[in-house]
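Working notes, beginning with the structure itself.
Here the structure is a predicted model, which means the values were calculated and not measured. Residue numbers run from 1 in the order of the sequence given.
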Amino acid sequence: MSLISRAGVATVALAVAGLPLFTGAPAHASAAPEQAGQAAAWTSVIPCLTETAATRIAPWADDPLEQKSEELGVAEEKLIDDPDAPRFRTFEDTAPVEAEDIAAVPKSETTRKFVTSSVEPRLASRVTIPVRVNVIKGKHRGERAPAGPRKIRRLLQDLNRGFAGQQSALSPNTRYRFKLQKIKYTKRDAWHHAFLNGPRDQRMKRKLHRGGARTLNLYINGGGPTGFPVLGWARFPWQYRSAPRLDGVTVNMAAMRGGKARGYNLNDTAVHEVGHWLGLFHTFQGGCGARGDLVADTPAEAEPSYFCETTRDTCPDDLGLDPVHNFMDYSLDSCMRMFTPGQVRRMDTSFAKWRQ
């Protein structure tokens, strides 16, 4: 494994298509110059790009829908060459984490003492987040009715269950609840296949985004070009100020409950991506490095979990076994079921600092 290239998009995305796959995360807040060196040692460790991985983009060149990869805004740095990665994880789900991201919510601002004294007084015991859902219809078979109101309500129900700690007795109850404000249906094939903060994705969001930093704009679409879909992607809270209309979370319709993304169709993609939207990194961020995901109580993890290997320990010198049950890993939906108290504190600080 090697360090991933720093050039990348400031978005968060999960890959989708038949079974599991892999990706990474971005952000752009101001950071002190001395932090640049720290970031270099902390950037997410993932499989390096090879010619084998690069060839995966070739089919797009002849695809009448997308024609060429440049139109999608897809860089080679987003491709993963990992023989263990399922197809849904072929692309980076977040851009490389850099110094700006580390500075946005430093570890010192997520300690129990800091959060109790400086963050909790600024937050209500229950934070209700309005959700505006944009369902994007395509023109092909199976794309004309990607998600009806019942499916949307079930997604919100599962999202709230995840953030209420109801999927595991070990998961804390967070203060965040999500309330459906509006569902809007838009028929536009190019947007249905919009991909990972590419040009079409950006045009769609600039047109449809509503509300401020506290409003969750949730987009349901096809997750990318035919044959190369992604489970979902999101923006970090500190990115809102520089590009407010790009803020939000995208979920592939195949990752919704009962969808075609076998193994990833229990709505946990939404929980994962909203975790990013509230300031969380992946549990495998930084590999076995000292900084990790900037959360003290998540064991370090050298690489993402694609399935549910409960005895895996890729960083044996750290806290314990890999956190394969954590929502911020890449495990199967049936395996992901919890946040940690440290992740909740980080979400609280992120929300108070960047979304209040």
Practice item. Return each pair, listed once, that meets disulfide (SG to SG under 2.5 Å) where at least one residue sits in residues 158-251; pairs must be two or more places apart or across chains. Key: none
For a 4.5 angstrom cut-off between non-hydrogen side-chain atoms, does [X] reach [Y]?
X: T215; Y: P130; value: yes
X: I152; Y: I220; value: yes
X: W191; Y: N134; value: no
X: P149; Y: Y185; value: yes
X: T250; Y: E273; value: no
X: L294; Y: T110; value: no
X: M336; Y: V271; value: no
X: T111; Y: R345; value: no

Revision key, fill the gap. Of K182, Q181, K184, R132, the one forming a side chain to side chain contact (heavy atoms under 4.5 Å, CB included) with R210 is R132
**Study point:** side chain to side chain contact (heavy atoms under 4.5 Å, CB included), paired with T128, selected from K179, R175, R214
**Key:** K179
Considering residues at least two apart in sequence or located in another chain, which fulfil the side chain to side chain donor-acceptor pair (under 3.5 Å) criterion with [X]?
X: H209; answer: N217
X: D158; answer: R154, R257, N267
X: E143; answer: H140, H193

Please report the interatomic distance [atom1]([X]) to [atom2]([Y]), rounded to the nearest 0.5 Å.
X: F281; Y: M328; atom1: CZ; atom2: CE; result: 10.0 Å
X: L332; Y: E309; atom1: CG; atom2: CD; result: 10.0 Å
X: R337; Y: S331; atom1: CZ; atom2: OG; result: 9.5 Å
X: R355; Y: W277; atom1: CZ; atom2: CH2; result: 4.0 Å
X: R161; Y: S171; atom1: CZ; atom2: OG; result: 11.0 Å
X: R346; Y: K107; atom1: CZ; atom2: NZ; result: 10.5 Å

Report yes or no: does [X] contribute a side-chain atom to a donor-acceptor pair with the main-chain N or O of [Y] at less than 3.5 Å?
X: T186; Y: I136; answer: no
X: Q202; Y: N197; answer: yes
X: K151; Y: G258; answer: no
X: T116; Y: K113; answer: no
X: D318; Y: G320; answer: no
X: R235; Y: D247; answer: no
X: N252; Y: A254; answer: yes

Review point. Between F284 and D322, is a side chain to side chain contact (heavy atoms under 4.5 Å, CB included) present by the stated rule, with each step listed?
Key: CA-CA 9 Å; F284 48 85; D322 289 356; over 6 Å; no
Check your understanding: Yes or no on side chain to side chain contact (heavy atoms under 4.5 Å, CB included) for T349 and V115, after CA distance, side-chain angles and deciding distance?
Key -> CA-CA 7 Å; T349 298; V115 172; 3.6 Å; yes
Shared hydrophobic cluster for [X] and [Y] (ILVMFWY, side-chain gaps under 4.5 Å):
X: L280; Y: M338; value: no
X: M347; Y: V131; value: yes
X: L246; Y: V230; value: no
X: L278; Y: Y240; value: no
X: Y176; Y: F327; value: yes

Can you give me the closest heavy-atom contact between [X] and [Y], atom names plus distance?
X: P146; Y: V135; answer: CG-CG1, 3.4 Å
X: W238; Y: S350; answer: CZ3-OG, 4.3 Å
X: L216; Y: F178; answer: CD2-CD2, 4.1 Å
X: G142; Y: M253; answer: O-CE, 3.5 Å
X: G279; Y: P237; answer: N-CD, 3.5 Å
X: K207; Y: R245; answer: O-NH2, 4.1 Å

Check your understanding: More than 12 heavy atoms of other residues, nucleotides or ligands under 6.0 Å from CZ of R112: is that the case?
Key -> no
Listed pairs under 3.5 Å, donor-acceptor, residues 295-302 side chains, sequence neighbours left out:
| residue | atom | partner | partner atom | Å |
| --- | --- | --- | --- | --- |
| D297 | OD1 | T340 | OG1 | 2.7 |
| D297 | OD1 | G342 | N | 3.4 |
| D297 | OD2 | G342 | N | 2.8 |
| T298 | OG1 | D293 | OD1 | 2.9 |
| T298 | OG1 | D293 | OD2 | 2.7 |
| T298 | OG1 | V295 | O | 3.3 |
| E301 | OE1 | T283 | OG1 | 2.8 |
| E301 | OE2 | R312 | NH2 | 2.7 |

Point to revise | Test log, rule side chain to side chain contact (heavy atoms under 4.5 Å, CB included), inputs V133 and L155 | key: CA-CA 11 Å; V133 180; L155 184 148; over 6 Å; no
Review point. Out of H272, H282, Q343, which one pairs with N326 under the side-chain hydrogen bond (donor to acceptor under 3.5 Å, both in side chains) rule?
Key: Q343
Please list every donor-acceptor pair under 3.5 Å in which a side-chain atom of residues 162-170 meets a protein atom from a residue at least two apart or in another chain.
| residue | atom | partner | partner atom | Å |
| --- | --- | --- | --- | --- |
| Q167 | NE2 | D268 | OD1 | 3.2 |
| S168 | OG | L170 | N | 3.1 |

